[in-house]
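Scroll down for the structure; my scribbles are underneath it.
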Amino acid sequence: MPNRFTQCLTGSTGVLGVIGDPIGHSLSPAMHNAALQALGKDYVYVPFSVSALHVQEAMAGMRALGIKGLNVTIPHKVAVADYLDEIDPVAQLIGAVNTISNQTGRLVGYNTDGYGFLRSLKEEAGCDPKGLRVMIIGAGGAARAIGFQLALSKARALVVSNRTESRAVALAAEIHKQTGCSAIGIGFRELNSYLLSTDILVNTTSLGMYPEVATIPPLEIEHLPQTALICDIVYNPNKTLLIQKAAASGRATLPGLGMLAYQGAAALEIWLQVKAPVDVMKTALQRQLSAALDI
Ligand SMILES: NC(=O)c1ccc[n+]([C@@H]2O[C@H](COP(=O)([O-])OP(=O)(O)OC[C@H]3O[C@@H](n4cnc5c(N)ncnc54)[C@H](OP(=O)(O)O)[C@@H]3O)[C@@H](O)[C@H]2O)c1
């Protein structure tokens, strides 16, 4: 019986994909397959569930099967680096890889998360972080990627605020040491006292993410300047409680879906050397998210 792949998979179809554990809820296959179709590329993008025990074998498999490119998601972004031939300087700084390109058997690791945020900031919010003061809430993997990217983009100063204060202090110290950007780490207790001198605030914690949609980082939005831009990288839901409250206060906002689309676009551009159809990718993400929320 014919299925929807009968028409599109050929003997020369190239393979792209994503590895992670769990992987069943990933939005990347919908986003990338929509882009590949729009570009008319003979490629398919597949989710691979890979346990932490099998990361090395997955990299050997990528070489053996000639898989052209992989995205890497939780929990493998750090571990995968041990099995690559080369790591791009930005990914080295961040200490994590979210994109691997198979360049005729040579596996090269990149991190497009920070770049994805930067492009979303510039193209969707019209904001260049150069010379601006940024507060990053959270000190996990996404905070690292965004923190280093903003420091490299010449932000004037970074404040990293995290529930576990020691992680914020360590990340800020590392960003300062590696890039020279002024950066300090604080706990949530001190967060509000830094808001008045914040131009861009970015939530990188999972607070507000489905199903905990009623949660929000512990900040008094009214302490921020009226001109501050409030960003949330949580994309499920795309309008988190933080984004809703910030918008209601009259401040500019930037939700997380754009970062997701632009980090994917950057990966596609690395793999296939083409300009990614970002609008198609955003539409596919929105459709997939609405379908997930309807379940
Ligand atoms: N839009 C995008 O493209 C994009 C890309 C990457 C990630 N994300 C989203 O970003 C979020 C974080 O991802 P990640 O990879 O950075 O995760 P991670 O490395 O596990 O870091 C999680 C961060 O959230 C904080 N956190 C978790 N639960 C908390 C709570 N109940 N109260 C206060 N802080 C809490 C953690 O603080 P502690 O250090 O105190 O534990 C840590 O700073 C996720 O929601 C993810 O979906 C979005």
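Just so it is clear, the structure is predicted and the values come from calculations on it, not from any experiment. Numbers here simply count residues along the sequence, with the first being 1. All values below were derived from every heavy atom in this structure, side-chain atoms included, with hydrogens, water molecules and symmetry-related copies excluded. Start at 1 and go down the list; that is how both ligands and their atoms are numbered.
- The nearest non-hydrogen atom to atom 32 (N) of ligand 1, considering only Arg167, Arg163, Met259, comes from Arg163.
- The Phe188 neighbourhood of ligand 1 comprises atoms 33 (C), with distances under 4.0 Å to a heavy atom of that residue.
- The protein heavy atom nearest to atom 14 (P) of ligand 1 is Ala142 N, 3.8 Å.
- Here atom 19 (O) of ligand 1 lies nearest to Gly141 when heavy atoms of Ala261, Gly208, Ala143, Gly141 are compared.
- In summary, the atoms of ligand 1 found under 4.0 Å from a heavy atom of Gly138, numbered by their order in the structure, are 43 (O).
- In this structure a side-chain-to-backbone donor-acceptor pair under 3.5 Å is missing from His223 to Leu195.
- Side-chain atoms of Asn238 come within 3.5 Å of backbone atoms of Leu257 as a donor-acceptor pair (strictly under, hydrogens ignored).
- Here the protein heavy atom with the shortest distance to atom 47 (O) of ligand 1 is Met209 SD, 3.7 Å.
- With hydrogens and angles disregarded, no donor-acceptor distance shorter than 3.5 Å links the side chain of Arg133 to the backbone of Thr198.
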Salt bridge (charged side-chain N to carboxylate O under 4.0 Å, His left out) assessment of Glu124 paired with Lys282: CA-CA 12 Å; Glu124 296 181 309; Lys282 285 182 189 170; 2.7 Å; yes
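- In this structure, Pro217 and Leu207 approach most closely via the heavy-atom pair CA-CD1, 3.8 Å.
- Leu121 and Val234 fall into different hydrophobic clusters, defined by Ile, Leu, Val, Met, Phe, Trp and Tyr side-chain heavy atoms under 4.5 Å apart, directly or through other members.
- The ligand atoms of ligand 1 that sit less than 4.0 angstrom from a heavy atom of Ser206 are 24 (O), 27 (C), 28 (N), 45 (O).
- The shortest heavy-atom contact between Met135 and Leu191 is CE-O, 3.6 Å.
- The shortest N or O to N or O distance between Ile74 and ligand 1 is not below 3.5 Å.
- Listed by number with element, the atoms of ligand 1 under 4.0 angstrom from any heavy atom of Gly256 are 1 (N).
- Annotation: Gln263 places no N or O atom under 3.5 Å from an N or O atom of ligand 1; distance criterion only.
- At under 3.5 Å, not a single nitrogen or oxygen of Lys77, backbone or side chain, sits near a nitrogen or oxygen of ligand 1.
- Put simply, the side chain of Asn98 never gets that close to the backbone of Val72: no donor and acceptor are under 3.5 Å apart.
- Residue contacts with ligand 1: Gly116 is excluded, as none of its non-hydrogen atoms falls under 4.0 Å.
- Residue, atom and distance of the protein heavy atom nearest to atom 23 (C) of ligand 1 are Thr205 CA, 4.1 Å.
- Remark: side-chain polar atoms of Gln149 are paired, donor with acceptor, to backbone N or O of Tyr115 under 3.5 angstrom.
- Here the protein heavy atom with the shortest distance to atom 36 (C) of ligand 1 is Asn162 OD1, 4.0 Å.
- Ile233 CD1, 3.2 Å is the protein heavy atom nearest to atom 10 (O) of ligand 1.
- Distances from atom 12 (C) of ligand 1 to the protein include at least one heavy-atom value under 4.0 Å.
- Nearest to atom 21 (O) of ligand 1 among the protein's heavy atoms is Gly140 CA, 3.4 Å.
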CA sep, side-chain torsions, deciding dist, call: Glu174, Arg144, salt bridge (charged side-chain N to carboxylate O under 4.0 Å, His left out): CA-CA 10 Å; Glu174 208 184 320; Arg144 287 187 68 84; 2.8 Å; yes
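- Ring orientation note: the planes of Tyr45 and His32 are close to parallel, at an angle under 30° on the 30°/60° scale.
- Considering only non-hydrogen atoms, atom 38 (P) of ligand 1 lies nearest to Thr164 out of Thr164, Thr204, Val234.
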